[in-house]
Amino acid sequence: MKHIDIIDIFEKSEFLDREVTVCGWVRTSRDSKNMAFIELNDGTSLKHLQIVIDKAVMSDISEFMKLGTSLKVEGTVVKSAVAVDSVEINAKEISVLGVCPPEYPLQKKRHTLEYLRTIPHLRVRTNTFNAVFRVRSVVSAAVHEYFQSRRYVYVHTPLITASDCEGAGEMFKVTTIGYSNEYKNEEEYNADDFFGKRAALSVSGQLEGEVAAMALGTIYTFGPSFRAEKSNTPRHVAEFWHVEPEVAFAELPDIIEIAEGLIKHIINAVLEKCPDELKFFDAHFEKGLIDKLTSVANSDFAVMTYTEAIEQLKKADVKFQYPVEWGCDLMTEHERYISEEICKKPVFLTDYPKEIKSFYMKQNPDGKTVAATDLLVPGVGEIIGCSEREADLDKLLEAMKVRGMSVEEYEHYISLRRFGSVPHSGFGLGLERMIMYVTGIQNIRDVILYPRTVGSIY
Ligand code: 4AD
Ligand code: MG
């Protein structure tokens, strides 16, 4: 269908005084004695294009005026009568592409995000979600730009896996048969299943990413990860998009530099390519958002050890719901206090107790901590989980033994330490959490097209 995108009508002066065809959905409309006005949106711009109808030229306009109706409009682009530096269209001919009845769930008023979650197929048509998805697209492209321009190889790791990377057991089982009494035990049941053994959706591409990095040097994966965590929080979804670089010949300080570089590259891309969207989020979701992002992009992130953070938390003049002691796993309230109150900016928290972290992390010489770091940011908490990997075969085997893990199941992974092992590091960035950070949106359910959470699937 030949037509011009609404964003081009606004941005390209060549259309002024010319006759054009535009298409879109009616966002609002207003009828007066001699004239009628329609705000049309085709998704290409946050701004609506005003269609001006002279009722002397067009009389039967009632169908055009209904919210949600899709229209094709032919007319002349003219300077706006009221808004400086803007244009509108004097309509010559309008045709209805699709009618929209009055029970259309999106009305003129501002709907709550909670209500909009119940209509994921329509909420995309609101300004909020238009802005979210444009930012999400720009962030995704920026991830690729960052790694591609540094010659990282983009690898696709399997989504169906037989091993549990994080060892937390929060995996969705993949099966083609239901368990039945016919099987003597689970082993027999698994043997009869599609793969002949237990399989699940991957929580992380890291283990296979390490395989690729041990050959290609620097790689990244960017795809969905799945977590069957029953945590019903504003920061967890069961299916999220995971950015995971893996870098050979890199120690913890090296990977921290790479992670900080990635976050800043993403922020700069959004600042540059989404100015209107950021203005919208700054006005409606987080006052001062643009200043925050500009300042984060131009200053160093903080680095602090876990041990130091525990000391600071114990000294803090606040009552936490969960008590703090060296060795405890940090809760969101702690993570947010560290980044929001102590550091007041993104902070890499390093050297966690080995007991609360995964088997693959490099053990520090102190025998108590691992060379791991989480990036904590104000407003969200953890957005990156990162570590240097244990490159020493014996130490890796020991860590697996302590956790009661099966050496057999991880044979390929372990043998990377047998055949020319090298220091290497990597991290995982949760795309949705990054988007929450750059938009100020507080709930992860509102930065993904279809959120999958415990007890809810639309
Ligand atoms: O900290 P996590 O569990 O680390 C890993 O999976 C490592 N294997 C990554 C690596 O080193 N290659 O997850 C990494 C990040 C978290 O910091 C968070 O941003 C995101 O993934 N994430 C989730 N995002 C939304 N919903 C969930 N349920 C998430 N679980 C993790
Ligand atoms: Mg983590």
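One-based numbering, in listed order, for ligands and for the atoms of each.
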Chemist: Record the part of Ile384 in heavy-atom contact with ligand 1 below 4.0 Å; permitted values are side chain, backbone, both and neither.
Modeler: backbone
Chemist: Applying a heavy-atom cut-off of 4.0 Å, say which part of Tyr360 lies close to ligand 1: side chain, backbone, both or neither.
Modeler: side chain
Chemist: Select one of side chain, backbone, both or neither to describe which atoms of Phe427 lie under 4.0 Å from any atom of ligand 1, heavy atoms only.
Modeler: backbone
Chemist: Of all the heavy atoms in Cys386, does at least one lie under 4.0 Å from an atom in ligand 1?
Modeler: no
Chemist: So which of the N, O or S atoms of Glu382 lies nearest the Mg ion (ligand 2)?
Modeler: OE2
Chemist: Just let me know how His242 lines up against ligand 1, side chain, backbone, both or neither, with a heavy-atom cut-off below 4.0 Å.
Modeler: side chain
Chemist: What about Ile383: any of its N or O atoms under 3.5 Å from an N or O on ligand 1?
Modeler: yes
Chemist: What is the closest protein heavy atom to atom 11 (O) of ligand 1, and at what distance does it sit?
Modeler: Arg389 NH2, 2.9 Å
Chemist: Here's a test for you: under salt bridge (Lys or Arg N to Asp or Glu O under 4.0 Å), which of Arg227, Arg235, Arg136 qualifies with Glu432?
Modeler: Arg136
Chemist: Which residue and atom name correspond to the protein heavy atom nearest atom 3 (O) of ligand 1, and how close is it?
Modeler: Arg227 NH1, 2.9 Å
Chemist: With heavy atoms only and a cut-off of under 4.0 Å, state how Cys165 meets ligand 1: side chain, backbone, both or neither.
Modeler: side chain
Chemist: Once you restrict to heavy atoms under 4.0 Å, what part of Arg235 touches ligand 1? Side chain, backbone, both or neither.
Modeler: backbone
Chemist: Can you tell which part of Glu244 has a heavy atom less than 4.0 Å from ligand 1: side chain, backbone, both or neither?
Modeler: side chain
Chemist: Which heavy atom of the protein is the closest neighbour of atom 1 (O) of ligand 1, given with residue, atom name and distance?
Modeler: Glu382 OE2, 3.0 Å
Chemist: Before you tell me yes or no, could you show the steps for Tyr410 and Phe359 under ring-ring contact (aromatic ring centres under 6.0 Å, His included), namely the whole-Å CA-CA distance, both residues' side-chain angles and the distance that decides it to 0.1 Å?
Modeler: CA-CA 12 Å; Tyr410 294 82; Phe359 74 99; 5.5 Å; yes
